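Fair warning: this is a prediction, and the values are worked out from it, not measured in the lab. In what follows, every chain begins at residue 1, and chains take the letters A, B, ... in the order their sequences are listed.
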Amino acid sequence: VGTVPNYLVQAILVTVCCCMPFGIPAIVFAAQVNTKLGRGDVLGAQESSRKAKMWCWVAFWLGLVANLIGVGLGIIGAMADNGSRF
Amino acid sequence: MAFPGTGAVGNLAYRQRLLILGVVLVAGVVLFLVNPVQCWWLPSCAFNKLTGLYCPGCGSTRAIHALLHGDVASAARFNILAVCGLPALGLIVLWRRAAIHPVVGWTALGVAVLFGILRNIPLESLQVLRP
């Protein structure tokens, strides 16, 4: 049996680091990996592993972009607040 | 009965553990020094900004800051799941058998989804779950 990474830790991390809507499918597929391995379904486990990895990256990049936009809006908001005082 | 494929399945590579450890250390130092409430550049939850709802992770930045300063009560108030879940996540990273057990993944999913639903139900008694 080769290695079938389940990406569970990565999936949980991208979910709590605020990419929640796309992190959930990542956790679902990550959880599937070991359930399928338990049944002896190695091919299915590899398929779930691949999908878990894909959703981890989707969640990671979208979360990064969303957070960068959030920080950018925060800066603009802070500047607008400062400006309104003068 | 041995769990099938227990030998080399589903665990993190040594290099990945080092990477995670490094990120955790840097994040820990930053979150110890910086108070998220007064900080404009630490990102707050994009999901919360877009929808107005609380995701399961909302408040965890503040919770970790409070934890690092030994204030467990405030941390639990910001995000009880982060306080309980961080040790569990550490266990999954360090202990291979936990990471590959099927129950662990489904439990993590169930707990996160349930917590996310509960903290968005507008009941006074559930206020304690909101950051």
Look up atom [atom1] in [X] and atom [atom2] in [Y], then write down how far apart they are to the nearest 0.5 Å.
| X | Y | atom1 | atom2 | result |
| --- | --- | --- | --- | --- |
| B/L81 | B/L86 | CG | CG | 8.5 Å |
| A/R50 | A/F29 | CZ | CZ | 9.0 Å |
| A/N6 | A/L37 | CG | CG | 8.5 Å |
| A/I27 | A/I24 | CD1 | CD1 | 5.0 Å |
| A/Y7 | A/C56 | OH | SG | 8.0 Å |

Identify whether [X] and [Y] are in the same connected component of the hydrophobic contact network (ILVMFWY, side-chain heavy atoms under 4.5 Å).
| X | Y | result |
| --- | --- | --- |
| B/L21 | B/V23 | no |
| B/L31 | B/L33 | yes |
| B/L19 | A/V14 | no |

What residues of residues 103-131 of chain B make heavy-atom contacts with chain A at a cutoff under 4.5 angstrom? B/V104, B/G105, B/W106, B/A108, B/L109, B/V113
How about residues 63-80 of chain B versus chain A: which residues have heavy atoms under 4.5 Å apart?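 Answer by number: none.
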Do A/E47 and A/L43 have side chains that get closer than 4.5 Å, going by heavy atoms? no
